[in-house]
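Below is one structure, written out as structure tokens; comments come after it.
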Amino acid sequence: MRSWLAVLACLCAAAAAAEAKTHHHTWNITYQYKSLDCFRKLAVAINGESPGPTIRATQGDTLVVTVHNMLDTENTAIHWHGIRQIGSPWADGTAGVTQCPILPGETFTYRFVVDRPGTYMYHAHYGMQRVAGLDGMLVVSVPDGVAEPFAYDGEHTVLLMDWWHQSVYEQAVGLASTPMVFVGEPKSLLINGRGVFNCSPPEANNGGGAACNAFGPECGWPTLFTAAPGKTYRLRIGSLTSLSSLSFEIEGHTMTVVEADGYYVTPVTVKNLFIYSGETYSVLITADQDPSRSYWAASNVVSRDPTKTAPGRAVVRYAAAGGGGGARSDDPRTPPPAGPRWNDTASRIAQSRSFAALPGHVEPPPARPDRVLLLLNTQDKIDNHTKWAINGISLSFPATPYLVAMKHNLHSEFDQRPPPDSYDHRSLNISQPPSPANLAVSHAAYRLAFGSVVDVVLQNTMIPSNRRSETHPWHLHGHDFWVLGYGEGKFVPEVDGPRLTNTAARGGAVMKNTVALHPMGWTAVRFRASNPGVWLFHCHLEAHVYMGMGVVFEEGVEMVSRLPASIMGCGRTKGHHY
Ligand SMILES: *[C@@H]1O[C@H](CO)[C@@H](O)[C@H](O)[C@H]1NC(C)=O
Ligand SMILES: *[C@@H]1O[C@H](CO)[C@@H](O)[C@H](O)[C@H]1NC(C)=O
Ligand SMILES: *[C@@H]1O[C@H](CO)[C@@H](O)[C@H](O)[C@H]1NC(C)=O
Ligand SMILES: *[C@@H]1O[C@H](CO)[C@@H](O)[C@H](O)[C@H]1NC(C)=O
Ligand SMILES: [Cu+2]
């Protein structure tokens, strides 16, 4: 107990001693033709780049990002994924929750402190816009003079994405249509924004022969990094896939996981890393293989049909391999790693369970919760629309952002009836979930007592129409949570509740901001509702949150200081002066 306090105290002291800097970034957001996987399509770019630049800062620094929305026909908003926004809840970038969207032609400035070191990300949080490629990584270093609990010779970022050829509009309209037109499996997997789509079968490129150019300058597997033999590298890996759960591995090399979502974990060596949308990991990899050749890094789809999406690839080169960086003749002649069996849920759960907080670096969870939310995840039909619902409520964002409506008591702007804390878990059969009696699309929200400890148990189910159960990575804004456990089947409060209490008491629970809810299973997390504001908690799959798979938590909104006028301008906030 004393050791973690000591470590936290010394980190804070070091952070305070170092001079905090302010980093200014100015971003022009535009649509651009990009051929990220050799197929030309419109992408949303930051200063011409998609994915956007990696932002770097040091713990305690302030980031000031001025966003010019130059999209002409589309709103935007940018979320800083994993940054808790303590004291700046209006800078969370979640359209409909913490701000009005940034209108075409308008400028919005995000200003916030990066209070914890670690690997984070940013991405669009307006409609399904992230699908169009508005995303990137955010790396926060420890202050000078603070040692990390592992050593490495160099570091690289690895951003994993999935990619479609139809536009974000077609995807969104399809999902909202009756009957629903699903977005389908991704056409490509991207690593650091690059992939190679097979242009040769004409039917594969939607008839757009000219759009698919296997010989374009952008078309080729990217170099992930060039290693010096014997050296150890830190890879900061983040997934911003829109649909896919992935397995990432590097041919011939093992990886040692040392960080997850900004917290150190007890090192775990793996052949492949399962990574779910919204998660980040740091892994250490030592260049200890034959330096006369190069190696594939690969991402493979798991949990969904992998046969429709070829593996994402990038090349790990050795400096000794004759240089020529990027030359195709240097690409490995081996096939890329095939990845694990896509439907081997047990090994994914086992890896999720294998992570433990590094002793001395993570505060242990409070002993017990003040409130328990049992959240049932179901897919249902509402007025013939296919929707995801949580305890029967399918979330839709109100015209007036929750933060403004709640802070200014605009009660007509959202549903005042709180969503249910639980469901009938006794009679539930997760293979055949009944349609909830209260099923509705709503702008409801959970109001949490400020400072209270909240447990959330997410319960997965089977989708009645296709008899499948999917993986849902749940992401919490404004907080990190302790992961108390993963279970298979149905959560039984009388049996599983006491086990969670024991886990909490034993210590070692990892802290994260995103956690997987595995097929036909449950996942339990605990957090302290101590960050004044209004925060989204949602499935990180773009299609799912668009179909209502999220909830909203409010805590201490009355303690939030005066809201900036820049977040207003929509719904009831139009023309109001606060
Ligand atoms: C952003 O757009 C403005 C106006 O067109 C231009 O002056 C500026 O150079 C652009 N900035 C960048 C970084 O592209
Ligand atoms: C997993 O998928 C394969 C086909 O890829 C199938 O043959 C096998 O039966 C499946 N296993 C389970 C447990 O569903
Ligand atoms: C829903 O779909 C069914 C079958 O296609 C149709 O008969 C019914 O009229 C639709 N209901 C609504 C409310 O659109
Ligand atoms: C749950 O539903 C499945 C699928 O309909 C059925 O096979 C099973 O017998 C049910 N289980 C119980 C305990 O009723
Ligand atoms: Cu989901």
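Ligands are counted one by one from 1 in listed order, and the atoms in each one are counted from 1 as well. No experiment lies behind these values; they were computed from the predicted model shown.
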**Item:** For the Cu ion (ligand 5), the closest N/O/S atom belonging to His472
**Value:** ND1
**Complete:** Honestly, for Met70 the part within reach of ligand 1 (heavy atoms, under 4.0 Å) is side chain
**Request:** Please determine, by modelled atom types, if His540 and Thr514 share a side-chain donor-acceptor pair under 3.5 angstrom.
**Result:** no
**Item:** Numbered atoms and elements of ligand 4 in range of Arg467, under 4.0 angstrom, heavy atoms
**Value:** 4 (C)
**Request:** If you have a sec, work out which protein heavy atom is nearest atom 5 (O) of ligand 4 and how many Å separate them, to one decimal?
**Result:** Gln432 OE1, 3.0 Å
**Prompt:** Near Asn47, which atoms of ligand 1 are under 4.0 Å from a heavy atom of that residue?
**Reply:** 12 (C), 13 (C)
**Message:** If the threshold is 4.0 Å, N to carboxylate O, is there a salt bridge linking Arg371 and Asp421?
**Reply:** yes
**Salt-bridge criterion met for Asp61 and Lys21 (N-O under 4.0 Å)** = no
**Asked** Which heavy-atom pair separates His479 from Ala529 by the least distance, and what is that distance?
**Response** NE2-CA, 4.2 Å
**Request:** Among all protein heavy atoms, pick the one closest to atom 9 (O) of ligand 1 and tell me residue, atom and distance.
**Result:** Asn28 ND2, 4.8 Å
**Request:** Run the salt-bridge test on Asp424 and Arg426 with the 4.0 Å N-O cut-off and return the result as yes or no.
**Result:** no
**Prompt:** Below 3.5 angstrom, do we get any N/O pair linking Thr26 and ligand 1?
**Reply:** no
**Prompt:** So which protein heavy atom does atom 8 (C) of ligand 4 come closest to, and at what separation?
**Reply:** Asn429 ND2, 3.8 Å
**Request:** Have a look at His544 and say which of its N, O or S atoms is nearest the Cu ion (ligand 5).
**Result:** ND1
**Asked** When the ring centroid of Phe553 is compared with that of His477, is the distance short of 6.0 Å?
**Response** no
**Request:** Scan side-chain atoms only and decide if Tyr263 and Asp480 contain a donor-acceptor pair under the 3.5 Å cut-off.
**Result:** yes
**Message:** For atom 2 (O) of ligand 1, is there a protein heavy atom at a distance under 4.0 Å?
**Reply:** yes
**Protein heavy atom under 4.0 Å of atom 11 (N) of ligand 1** = yes
**Prompt:** With a 3.5 Å cut-off and no angle check, do the side chains of Asn69 and Thr76 form a donor-acceptor pair?
**Reply:** no
